Amino acid sequence: MLLKDRLALITGGSRGIGREIALAFAREGANLAVCDISPEGLENVRKEIEALGVKCEIYEADVQKKEQVDQTVQKILDTQGRIDILVNNAGVTKDNLIARMSESEWDLVLSINLKGTFLFTKAVCRSMIREGRGKIVNIASVIGLVGNLGQANYSASKAGVIALTKSAAREFARKNICVNAIAPGFIETQMTQALQEEMKQKALGGIPLGRFGKASDIAETALFLASDKADYITGQVIVVDGGMVM
Ligand SMILES: NC(=O)c1ccc[n+]([C@@H]2O[C@H](COP(=O)([O-])OP(=O)(O)OC[C@H]3O[C@@H](n4cnc5c(N)ncnc54)[C@H](O)[C@@H]3O)[C@@H](O)[C@H]2O)c1
């Protein structure tokens, strides 16, 4: 088993990509701490994870709120003693053209996607430094690499996540903590379900592998980066997009 007895904390883990990562880690023997703003989603994912024979603690917390982030991490450390793996996955979109984008649409997306990643990284790093090892996997996006019409806030937040990943990788390398990002392309989750059919078909035309991604495609990459198999990889952005961006 790739993650036997490791403690992995996943943000935004009650559905979509985060849930799939949590389940993939559980199948490989990790115990889970899952944080999200959806209490029902958290209860459901806890049942699914526990059915796989590992432990799962759930935490209702908003990644933008420092106090909630710090309390979540402290509670995990009090009960589990350490956090081996952090996956910063929680993220949202609030699409609009720049001319129409409100300040609150900008602030919300930057706050959840980028500040949330910073807050959890900051809260967890002390424990990893003490342990002399750790794996941090940040979920960015190909949109953070190439930009997108109507997604100035989202693309800026994900470009920020990529830059944060590289800075953190440099800061923590001497402490044996690896920090990498995954840049998914178009993945079928509730986030992309809302898009119009016409937009989806257009996007599909730009994917050389000829299909949208599945949450499990991202989970498999996260599993690799969180495991000992990736011990010599840090500061990288792994694009998982069926060839959309190359
Ligand atoms: N689906 C895609 O095509 C795609 C592509 C590239 C990147 N991503 C990224 O992957 C990640 C997961 O996306 P998804 O498609 O699974 O989306 P999703 O909307 O299905 O899931 C997002 C999860 O994050 C949680 N969340 C939202 N705001 C939160 C907050 N403030 N605090 C804590 N939890 C919060 C939600 O409750 C939900 O469980 C996001 O960071 C997203 O930007 C997704």
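Counting starts at 1 for both ligands and their atoms, in listed order. FYI, side chains are in, hydrogens and waters are out, and symmetry mates aren't considered; it's all heavy atoms of this structure. As the structure is a prediction and not an experimental result, all values here were calculated from the model.
Of the protein's heavy atoms, Gly12 CA, 3.5 Å lies nearest to atom 24 (O) of ligand 1. Of the protein's non-hydrogen atoms, the one nearest atom 3 (O) of ligand 1 is Ile187 N, 2.8 Å. Nearest to atom 17 (O) of ligand 1 among the protein's heavy atoms is Met191 CB, 3.6 Å. Scanning the protein for heavy atoms near atom 29 (C) of ligand 1, the closest one is Ile37 CD1, 3.7 Å. For atom 5 (C) of ligand 1, the nearest non-hydrogen atom of the protein is Gly185 O, 3.0 Å. Residue, atom and distance of the protein heavy atom nearest to atom 19 (O) of ligand 1 are Arg15 NH2, 2.7 Å. Here the heavy atom of the protein found nearest to atom 40 (C) of ligand 1 is Asn89 O, 3.2 Å. Looking at atom 36 (C) of ligand 1, its nearest protein heavy atom turns out to be Asp36 OD1, 3.5 Å.
The proximity of Val92 to ligand 1, defined as any non-hydrogen pair under 4.0 Å, is limited to the side chain. When heavy-atom distances to ligand 1 are checked against a 4.0 Å cut-off, Lys158 comes that close only through its side chain, counted from C-beta outward. Contact annotation: for Thr192 versus ligand 1, heavy atoms closer than 4.0 Å belong to the side chain alone. Counting heavy atoms under 4.0 Å from ligand 1, residue Ile17 touches it through both backbone and side chain. No part of Ala183 comes within 4.0 Å of ligand 1, judged by heavy-atom distances. At a heavy-atom distance under 4.0 Å, only backbone atoms of Ala140 (N, CA, C or O) approach ligand 1.
Between Leu119 and Val63, every side-chain heavy-atom pair lies at or beyond the 4.5 Å cut-off. Counting only heavy atoms from C-beta outward, the side chains of Arg6 and Asn31 never approach each other to under 4.5 Å. Side chains of Ile187 and Ile17 form a contact here, defined as non-hydrogen atoms less than 4.5 Å apart. When side chains are defined from C-beta on, Phe186 does not count as touching Asp241, because their heavy atoms never get closer than 4.5 Å. Gln68 places a side-chain heavy atom less than 4.5 Å from the side chain of Asp62.
Under a 4.0 Å N-O distance rule, the pair Lys175/Glu131 does not qualify as a salt bridge. The pair Lys135-Asp231 meets the salt-bridge criterion, since a charged nitrogen lies less than 4.0 angstrom from a carboxylate oxygen.
Side-chain atoms of Thr11 and Asn89 include no donor-acceptor pair closer than 3.5 Å. Gln151 and Asp95 are linked by a side-chain donor-acceptor pair at a separation below 3.5 angstrom, with hydrogens and angles left out of the test.
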Step by step, would you call Glu105 with Asn96 a side chain to side chain donor-acceptor pair (under 3.5 Å)?
CA-CA 8 Å; Glu105 285 170 335; Asn96 221 336; 3.2 Å; yes
Identify every side-chain donor-acceptor pair in residues 74-83 under 3.5 Å, counting partners at least two apart or on other chains, and give the distances.
from, atom 1, to, atom 2, distance (Å)
Gln74, NE2, Asp78, OD1, 3.0
Thr79, OG1, Glu57, OE1, 3.3
Thr79, OG1, Glu57, OE2, 3.2
Thr79, OG1, Lys75, O, 3.1
Thr79, OG1, Ile76, O, 3.2
Gln80, NE2, Glu57, OE2, 2.9
Arg82, NE, Asp84, OD1, 2.9
Arg82, NE, Asp84, OD2, 3.2
Arg82, NH2, Asp5, O, 3.0
Arg82, NH2, Asp84, OD2, 3.0

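Taking any N or O of Phe186, backbone or side chain, none lies under 3.5 Å from an N or O belonging to ligand 1. For the pair Ser141 and ligand 1, the shortest N or O to N or O distance does not fall below 3.5 Å.
Every atom of ligand 1 with a heavy atom of Tyr154 under 4.0 Å away is listed here by number and element: 6 (C), 7 (C), 8 (N), 9 (C), 42 (C), 43 (O). Every atom of ligand 1 is numbered from 1 in the order shown, and the set under 4.0 Å from a heavy atom of Ala61 is 32 (N), 33 (C). In summary, the atoms of ligand 1 found under 4.0 Å from a heavy atom of Asp62, numbered by their order in the structure, are 30 (C), 31 (N), 32 (N).
Judged by the shortest distance from any of its heavy atoms, Glu20 lies outside the 4.0 Å radius around the atoms of ligand 1. At a 4.0 Å cut-off, not a single heavy atom of Phe212 sits close enough to ligand 1 to count as contact. Proximity of Ser14 to ligand 1 is established by a heavy-atom distance of less than 4.0 Å.
The OG atom of Ser157 lies 9.5 Å from the CD1 atom of Ile162; values are rounded to the nearest 0.5 Å. Atoms CZ and CD1, from Arg133 and Ile85 in turn, are 8.5 Å apart once rounded to the nearest 0.5 Å.
Remark: among candidates Thr72, Thr189, Leu195, Val109, the nearest residue to atom 14 (P) of ligand 1 is Thr189, based on non-hydrogen atoms.
Put simply, the side chain of Asn148 never gets that close to the backbone of Ile143: no donor and acceptor are under 3.5 Å apart.
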